[in-house]
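Only one structure is covered here, and it is reproduced in the block below.
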Amino acid sequence: MKLSLGVIETYGLTAAIQAADAACKSASVTLLGYKKIGAGLVNVFLGGEISAVKSAVDSGVAAVGQPTFIRGRLVIARPGQQVVALLNGLAGNALTPSDDDAAIAPSAAAAAPADKRDDAPPPTAEAKQPARTENRAGGKKDQK
């Protein structure tokens, strides 16, 4: 069975995150990715069965609350391979991550924090600057 594609286009990343969160919580859909189009426009892509995608897109749009942040919505039943390839060609995150990215990403993410901890110099005692307080005249004065 081919999956359907849902798109929510918003003004701003915050509205896109809010719409994606509500969409994923409301129906059994997969968040395929997002694209920053430019001029503040962000597209969120969802995949799943047609009824779930329709419900998720409607919930995502309703969750944003202010219609001024929603630019558009779209549900495509069984999109063609050319459409998915075209969307993957746009700047931003790929809709379908490659197997190489999935295999490398978890190990790189897990290794990064450990590397930072090993390379960090030990903390040193530094002379602290005296706190500054305001005097009654409104000027700054060093506290001793």
Problem set entry | Stepwise side chain to side chain contact (heavy atoms under 4.5 Å, CB included) test for Ile8 and Leu46 | CA-CA 8 Å; Ile8 303 172; Leu46 307 163; 4.3 Å; yes
Seminar exercise, completed: By side chain to side chain contact (heavy atoms under 4.5 Å, CB included), Gln82 pairs with (sequence neighbours left out) none
Exercise. Any idea which heavy atoms bring Leu5 and Pro79 closest together, and the distance?
Worked result: CB-CG, 3.9 Å
Problem set entry | Partner residues of Ala77 under the side chain to side chain contact (heavy atoms under 4.5 Å, CB included) criterion, sequence neighbours left out | Ser4, Ile50
For this session: Would you list the pairs meeting side chain to side chain donor-acceptor pair (under 3.5 Å) in which at least one residue belongs to residues 9-22, sequence neighbours left out?
Result: Asp21-Lys25
Problem set entry | Atom of Val44, atom of Ala20 and distance for their closest heavy-atom approach | CG1-CB, 3.8 Å
For this session: Determine, step by step, whether Val7 and Ile76 satisfy the side chain to side chain contact (heavy atoms under 4.5 Å, CB included) criterion, reporting the C-alpha distance in whole Å, the side-chain angles of both residues, the deciding distance to 0.1 Å, and the verdict.
Result: CA-CA 9 Å; Val7 182; Ile76 302 174; 5.8 Å; no
Problem set entry | Partner residues of Ser26 under the side-chain hydrogen bond (donor to acceptor under 3.5 Å, both in side chains) criterion, sequence neighbours left out | Ser59
For this session: Work out which heavy atom in Tyr34 is nearest to a heavy atom in Phe45; give both atom names and the distance.
Result: CA-CD1, 4.2 Å
Exercise. Can you pull the salt bridge (charged side-chain N to carboxylate O under 4.0 Å, His left out) pairs that have at least one residue in residues 68-78, sequence neighbours excluded?
Worked result: Asp58-Arg73
Exercise. Can you name the residues that form a side chain to side chain contact (heavy atoms under 4.5 Å, CB included) with Ala27, not counting sequence neighbours?
Worked result: Val29, Ala52, Ser55, Ala56
